[in-house]
Amino acid sequence: MGAREDEYDYLFKVVLIGDSGVGKSNLLSRFTRNEFNLESKSTIGVEFATRSIEVDGKTIKAQIWDTAGQERYRAITSAYYRGAVGALLVYDIAKHLTYENVERWLRELRDHADQNIVIMLVGNKSDLRHLRSVPTEEAKLFAERNGLSFIETSALDSTNVETAFQNILTEIYRIVSQKQIRDPPEGDVIRPSNVEPIDVKPTVTGDVRKQCCQ
Amino acid sequence: MRATIEFEECLKDTPRFRQFVSKEEADIEHLEQKLEKIIKLCNVAVDSGKEYVKNQSAFAMSLWDLQQHFLDNKNAHNALGKLIHCFQEMNKFHTILLDQASRTVLKNLNVFVKDDINQVKDYKGHFLKVSEGYDNALIKNAQASKNRPQEVQEAANILSASKSCFQHTALDYVNYITLVQSRKVPSILSTLLDYYQACVTYYHQGFDLCNDFDEFFKNITDDLNVIRGDYQQLEKAMQNRHMSVNRYCDTNTNSASHKVEGYLFKKKSKGFKTWCRRWFYLSENQLVYSDLDSHCRKRSNEDSFSVMEEDLRICTVRPVNEGDRRFCFEVISPTKSHILQADSADMLSLWISALQHSIGAAIQHDSQHSRPQSTNAPNSLTSKRRIHWEEFLKIPGNAQCCDCRGQEPRWASINLGITLCIECSGVHRSLGVHYSKVRSLTLDAWETENVKVMMELGNDVVNRIYEARIEDNCELKPPTEQCEIGVREAWIKAKYVEKRFVCSMPKPQELLASETAEVLSIDSGGDAGGSGTEDGSGILGKHTTLSLSTRKWTVKKLRRRRQQRPLPKTLSDEPSIYNTANTGDEDEDDDDESLNIPSMSLSISGDDLLDIGKELALDSYVTPCILGSDQESTEGESDTEPLDEVPFAQLDANLMLYKAARVHNLPVMCMAFALGADKNWKNPQDRQRSSLHEAVLSGSVMACEYLLLNGASIDAVDEMGYSALHISTAKGHIAQVYLLLKHKAQYDLASSDGKKALDIAVDQKNADIVTLLRLTRLNDEIGLNDEYNGEDETYKDVMKDFSNFAASQPRLLRQRNDSNTLESQRSSLTNSD
């Protein structure tokens, strides 16, 4: 763990969303407790975990909301997205349907989350090479088109899990810290689009790509 | 005129004839070539003409679209219409011209080339063949041997036949040639003349068309000149505006008007803490801003305007130093703080002075008049709501202070459910919050559940209990609107602390004694008692034969707020749930059997059953529209459940409270409290459960709230170790779970079988309650670690979402959870892997 739990410079709420069974809860447990459970049960409502990391000498505490993927175990939607500054949109590289549903999750984010929310597309279960049904290139292209960062992870063998969280938290930190220093652009009308996360994206996605295992 | 060949020369086949023929042939060949070129070019011209017409037509169509743009300008619309019409007519004429061109030039010339010239050419072949045959015959004839007369004869015959044939053919050929040569001029010229005529027609049509519209377009040109003049004037005026910019700025900042509106930068309180520029204005004591910037989407059920501060009277404004930013100021209310940034120092001071002026004006205004109604406040996302204070006064008795009868009370005691004048409210405050929790009807924002409690009780109901025995206490003077503070204090203390005017609890035996009226009702004429019991004391004798063992008492379900469905009319055999008694005639059962005990408000209906509290809430008043009629969490339960009957021998205040809580009958609960019921009493006969447990089981939020307001222990457990939170979780009552958590119920309490509320919620797969519980725990963890940020903004927002959802759509919520449990059962059956 990067820092003492009770002291932090920034607290970021990050939500984990995606279809049921794509491995959200295991991503979280791998990141926060370095645990993996092959037989984990469906999440009901939401589960929380926190972990602090260091970026630029600042302590960033991530409050991660692991939400239920199954529709019938989901609480009222607005609760999940209030105040969230980041979202990990997870799909299973071995189940194409979970990838197809990414669009639906994006829609939900656009409807309910802060418009500046940083979204990272996460193809989980990259260890299942022989069962892959979503090509990396396709997902990468999709992510680019939609202004998302992209990474493939495996909660089972730990590949890229740390990197994924590190990247999204760094990205959020960059945006938030820049905002605090820099005045918003001048002009009569300030459009929210001025502060879209896309501006900052290329540097981070570049990192992600290098670290991708496939 | 061309020279033609002599008849004889043809027959003789002279060299001149041959020369003539070849010359003519070359001439025709030449003509053909020229004609073919003409046809080709004409084709090209027609085709490109067609293309032009097509594009022209598309152009006209695009003008139609443009015309739609001028729908609001009738003149422009008309003129454009006419112009487009002209263009289209012209286009039509052009189409006709092209058609004519292809009909005349192309067709006629083609016919001339194909028929006439080709005929000559075809015949030329024939002529050459015949001429060759003739030559052969001549040769044969010349070669014929004189020794063979037969051969000579034969050759001579052939020669003469060939010669004749040749001569005819030559004549025909010459004929054809001559004909073609003579026809070429007229047919070509007439064709071109036709085309010329077509062109004449085309231009003529165009001319006529233009003539028709000439007048109209002349007018338009005149109009245009006028418009141009106007436009130039306007342009000048607009330019002059620049001159007034500087002047405007000055007047704007100088005016001390409190009508201020304009753009400010607003710092977001959560998430990215970004600054956004919004249009702010002051309206009806509220600081409002437009959401217009967030054009891409709107949160559901929110208007395009948000209220930043609902009541400026409780706000202060001050300049603030916000990082590097200049011109910042802060609007502070008891719960929130907003950082705003003006564009300039002048604007900053203008805004601050305007806000301060508004705050001052609002406070002053309030002391003179009632507060402007703000029930239409656009911000519907808060769980608290502003209610017009006059709505509270519609609850029976509430139009007068509960204690001194002063008019138009502006204060309330939320745990007693009464309204108070300002003087009495002061006395109530001095009693301490365990006796009375005072709120302002006009200044405070009200929690939904507190409003519900207020609506269930009201001054009439409460005074029937707390002022049941006034006449006995002559030494105390009832306070009046103008009375001295001492009188007020003494009265209020006697009324609520000593409970001196409350009728004492009847003993079961006394209740059953034949002349019960004397024991129980001190004075049946007291108007504080139930006014609905018109029947005299003559009927009392009827009950003398009842024995202790057969008499029972019960408390019926009560919900005074109006339901969406109509009141059942067939309730004559189940009287008074809806308090229709004072209409006089509907409760026939009671008319002859009810026991007139106004002070205790006990009445006995048929079947030896005492319905406690029946006359406490007799008024069938029309519920003020404070809350939507469908907001009751207990909505949907059936009212015809069997009544829980208790033998008379067990009639005591604690059990009364307990039973009343089960049926969310707040008037009876109030009576039980007045009779000294212990708020934390546990029923030894029912698993050691407290009244709060029962209120939770009733599914009612208001009953829980009423108990909690009156100090019931929130974490009391029954013999199984279940707290109210355990039970509400098990029942899936999300609104109650929310209420209990809001009152800081302990969520980590484990029952005797080791279950915490969260375990139960997870077992039940109730996503909403799981989320509520986990979120509350998370918030506490954050709060523990973070001394300067006790409660997370996000947590508050999410909790609000839940409470709104639970309050506004209880049925939806229930259905969701029902289907959830059904589905989870189903899936647990199918997903056996």
Side-chain angles (χ1 to χ4, degrees), chain A residues 4-8 10-13 41-50 61 63 65-68 70-85 110-118 172 175-176 178-184 187-195 197, chain B residues 263 265 268 270-278 293-297 299-300 323-325 381 734 761-775 777-778 781-782 784-786 789 792-795 797-802 804-806 813 816 819-824 827 831:
Chain A
R4 274 174 300 158
E5 273 297 310
D6 54 342
E7 272 178 31
Y8 55 86
Y10 294 92
L11 174 70
F12 294 151
K13 170 178 170 182
K41 285 190 230 146
S42 298
T43 305
I44 292 165
V46 64
E47 282 184 50
F48 302 102
T50 56
K61 183 165 180 171
Q63 182 192 96
W65 293 45
D66 171 25
T67 70
Q70 275 193 67
E71 187 55 44
R72 63 171 180 273
Y73 294 157
R74 285 178 74 77
I76 57 172
T77 312
S78 59
Y80 290 142
Y81 300 107
R82 276 199 177 266
V85 291
R110 307 237 184 276
D111 288 347
H112 295 280
D114 187 297
Q115 50 199 339
N116 294 324
I117 192 167
V118 176
I172 296 166
I175 292 171
V176 172
Q178 267 179 8
K179 286 229 180 78
Q180 289 190 337
I181 299 159
R182 179 187 53 151
D183 274 6
D188 276 352
V189 186
I190 300 296
R191 295 275 167 222
S193 55
N194 279 339
V195 286
Chain B
Y263 280 110
F265 282 98
K268 278 195 191 165
K270 42 198 154 161
F272 288 105
K273 300 216 187 287
T274 46
W275 291 82
C276 49
R277 199 170 147 93
R278 292 287 152 84
D293 245 13
S294 56
H295 48 92
C296 18
R297 74 231 156 96
R299 298 213 186 275
S300 54
D324 314 347
R325 285 183 167 254
L381 269 180
I734 178 171
V762 169
D763 286 348
Q764 303 233 327
K765 303 195 192 309
N766 189 318
D768 292 312
I769 294 181
V770 168
T771 305
L772 271 173
L773 290 167
R774 286 198 178 131
L775 194 54
R777 189 176 63 192
L778 176 82
E781 282 168 7
I782 293 175
L784 285 177
N785 296 331
D786 192 350
N789 186 15
D792 188 32
E793 280 277 332
T794 306
Y795 171 71
D797 286 345
V798 172
M799 293 302 262
K800 269 184 214 165
D801 286 350
F802 273 107
N804 281 323
F805 193 62
L813 203 65
R816 239 161 72 87
S819 65
N820 276 359
T821 39
L822 273 182
E823 265 184 66
S824 60
S827 70
N831 293 357

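Proteins get letters first, then strands, A, B, ... in listed order; numbering begins at 1 in each.
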Worksheet item: In terms of heavy-atom proximity below 4.5 Å to chain B, should Lys41(A) be classed as side chain, backbone, both, or neither?
Response: neither
Worksheet item: So how far is it from Thr771(B) OG1 to Tyr73(A) OH, rounded to the nearest 0.5 Å?
Response: 13.5 Å
Worksheet item: Going from CZ on Arg82(A) to CG on Leu775(B), what distance comes out if it is rounded to the nearest 0.5 angstrom?
Response: 12.0 Å
Response to the item:
Bottom line for Leu772(B): the part with an atom under 4.5 Å from chain A's heavy atoms is neither
Discussion item. Please check: side-chain N/O of Arg774(B) versus main-chain N/O of Val46(A), any donor-acceptor pairing under 3.5 Å?
Written reply: yes
Discussion item. Looking at every heavy atom in both Val770(B) and Ile44(A), which two are closest together, and how far apart are they?
Written reply: CG1-O, 3.2 Å
